[in-house]
Amino acid sequence: MSNMKTIVGFTYKNKVRTKSFIVTTIILLLLVTAGINSLYVMSLFNNKDEAGPAKEEVVAILNDTEGIAPALQDYYKKQSNANLSIQIYDGSGDPVADETKLKQDLADKKIAGYLVATESEGGNFPKFFYKSSNIRVTGDSTTNSLETALNSVKTDFIVEDSLTDAQKQQLAEPITMNLEQVAVNEGNAGTNQTQEQKVAAYILVYVMLFLFFMTAYMTGNMIAAEVTAEKSSRIMEILITSVSPLSQMFGKVMGMFLVGLTQIAIFVATVVVNLSLPHNLEIMREYHVDMSQIDPMLLIYGLVFYILGYFLFAVLFAAVGSMVSRTEDLGQAIMPITLVSLAAFYISMFSISTPNTMLVKIASFIPFTSPTSMILRLGLGEVAYWEVWLSIVLLLVAIFVCGWLSAKIYRTGVLMYGKRPTWKELRKAMKAYKI
């Protein structure tokens with residue numbers, strides 16, 4: 001037992017002090033920080049001058065035969081935080097000359113764009129074309145603001161004085177629905193969620209899936225690489241005289257587990273610090289994101305499935321690493337395990353908007369894919385508690401079987417040099433050892 005503790009401590013300290021771990025962690029923290037603050041940074045460059053306040057954009061209106069421009073001007077004067085003003089452009093009668101003049105104003109940045117009204121038929125509300133040098137397919141704040149303003153003016157144009165101002169305001173307000181996911185069967189996990197809880201769970205599930213794949217894959221690769229490096233340098237022959245192969249394998253697995261937890265802890269701390277900044281809190285309120293709505297049980301189940309999934313993949317990586325004598329051959333050897341981990345990750349990521357599909361349900365009971373699939377179902381889908389515990393039991397059985405098999409392969413493989421042994425050779429050598 002003391003030997004295993006020594007291996008765990010040595011593996012942990014050795015890895016967290018390496019340049020690769022430090023550089024990778026710093027890059028991850030910078031990417032996370034940049035991602036969380038990206039919306040705020042973009043807002044600083046969106047219509048801001050050097051002094052800081054938002055600049056008022058000017059939109060010209062051309063060919064206003066129905067007198068819509070004064071109504072638009074009145075609309076924006078009533079807005080307390082409007083960053084848009086309407087400028088009436090008196091045309092010269094020559095459409096080509098008018099367009100040339102307005103394009104020149106666009107080039108000189110005197111206006112953000114201009115509206116061109118079409119001829120109305122039968123007293124109907126005219127149609128408009130908005131022209132600008134910067135048109136986004138998905139729309140932007142200027143076009144959205146103009147559409148809202150024109151809808152309000154259109155209401156006044158049609159109803160005239162037949163409605164009160166309060167009735168017109170009610171007519172202009174969009175219909176919004178509060179969403180809530182309810183449980184079809186009582187006693188299910190991941191159900192009865194309000195819209196705010198659903199948004200918070202979506203973000204948490206996305207982060208947990210990413211963290212599981214990143215840490216399990218990276219630490220698994222490090223386990224296999226370290227075992228192979230010790231074999232290729234013949235250090236294994238010295239280590240095995242003082243520490244049993246099983247203590248070595250499980251010590252490395254536990255040590256790398258602590259390395260993964262350290263990286264996750266640093267990641268979580270960085271996320272919490274960035275989300276606690278005032279400008280990010282304001283953005284979350286604007287998008288109705290309240291992380292306090294996260295179900296604590298989702299975090300607990302997420303941690304359980306992360307731990308079980310890690311150990312399942314870790315023992316397999318250790319076994320494969322023990323079969324390889326040269327570091328150059330390691331990539332090819334671990335390819336099958338890598339493909340399985342990729343499948344587990346992508347099944348969940350591609351099903352994040354449809355967590356109750358048959359594919360996800362089946363994957364949640366396959367030990368190699370259940371850690372990610374069950375996290376998805378717990379957070380965003382509907383899953384019975386007996387399904388959760390059945391998945392955990394199947395994972396534990398898989399860990400026991402794969403751990404036993406990996407231990408026999410490891411004990412045999414660490415002293416087999418030269419070409420990679422075949423399964424027949426491994427099976428023959430494993431029969432000589434009992435665990």
Side-chain angles (χ1 to χ4, degrees), residues 4 7-8 11-12 205 208-228 245-261 263-264 300-324 330 333-349 359-378 383 387-411 413 423 426 430 435:
M4 185 180 293
I7 295 292
V8 171
T11 302
Y12 176 77
V205 167
M208 285 197 296
L209 292 178
F210 172 76
L211 284 178
F212 174 81
F213 174 74
M214 182 195 70
T215 55
Y217 178 73
M218 288 180 59
T219 52
N221 269 276
M222 286 192 288
I223 292 172
E226 184 164 341
V227 173
T228 303
L246 294 186
S247 296
Q248 286 185 45
M249 187 185 87
F250 289 109
K252 291 180 188 300
V253 169
M254 287 297 299
M256 290 299 179
F257 172 69
L258 296 177
V259 171
L261 283 185
Q263 209 160 31
I264 289 178
I300 294 173
Y301 279 125
L303 182 61
V304 169
F305 277 102
Y306 166 77
I307 293 173
L308 296 179
Y310 165 80
F311 279 106
L312 178 60
F313 281 99
V315 293
L316 294 177
F317 274 109
V320 172
S322 68
M323 295 166 56
V324 181
L330 183 61
I334 65 172
M335 183 61 69
I337 306 176
T338 302
L339 292 176
V340 172
S341 64
L342 284 171
F345 176 70
Y346 282 119
I347 286 174
S348 299
M349 290 300 291
L359 174 63
V360 177
K361 290 180 180 179
I362 294 174
S364 63
F365 296 108
I366 300 174
F368 296 105
T369 57
S370 61
T372 54
S373 298
M374 193 55 79
I375 288 174
L376 175 62
R377 293 184 66 191
L378 282 165
V383 54
E387 293 180 289
V388 178
W389 288 105
L390 176 59
S391 180
I392 291 175
V393 170
L394 291 175
L395 257 175
L396 289 172
V397 172
I399 291 171
F400 176 80
V401 172
C402 291
W404 174 82
L405 184 62
S406 297
K408 297 202 75 172
I409 294 174
Y410 189 93
R411 186 171 184 173
W423 287 109
L426 270 176
M430 286 162 57
I435 295 177

To the nearest 0.5 Å, what is the distance between [atom1] on [X] and [atom2] on [Y]?
X	Y	atom1	atom2	value
Phe400	Phe311	CZ	CZ	15.5 Å
Tyr306	Ile264	OH	CD1	3.5 Å
Leu342	Ile337	CG	CD1	12.0 Å
Phe317	Tyr310	CZ	OH	10.5 Å
Glu387	Met374	CD	CE	6.0 Å
Ile362	Ser373	CD1	OG	10.5 Å

Search all heavy atoms of [X] against all heavy atoms of [Y] and return the closest pair with its distance.
X	Y	result
Ile334	Ala224	CG2-CB, 4.2 Å
Phe305	Ser370	CD2-O, 4.2 Å
Ile223	Met256	CG1-CG, 3.2 Å
Ala314	Val253	CB-CG1, 3.8 Å
Met222	Val259	CE-CG1, 4.2 Å
Arg377	Ser364	NH1-OG, 3.0 Å

Among Leu394, Val315, Leu308, whose side-chain contact (heavy atoms from CB on, under 4.5 Å) with Ile399 holds?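 Among Leu394, Val315, Leu308, the one meeting side-chain contact (heavy atoms from CB on, under 4.5 Å) with Ile399 is Leu308.
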Are any of the side-chain heavy atoms of [X] and [Y] separated by less than 4.5 Å?
X	Y	answer
Phe212	Thr372	yes
Leu312	Leu395	yes
Val360	Ser348	no
Phe257	Leu261	yes

Under the side chain to side chain contact (heavy atoms under 4.5 Å, CB included) rule, what do Phe368 and Leu316 come out as? Steps first, then yes or no, please. CA-CA 11 Å; Phe368 296 105; Leu316 294 177; 3.5 Å; yes
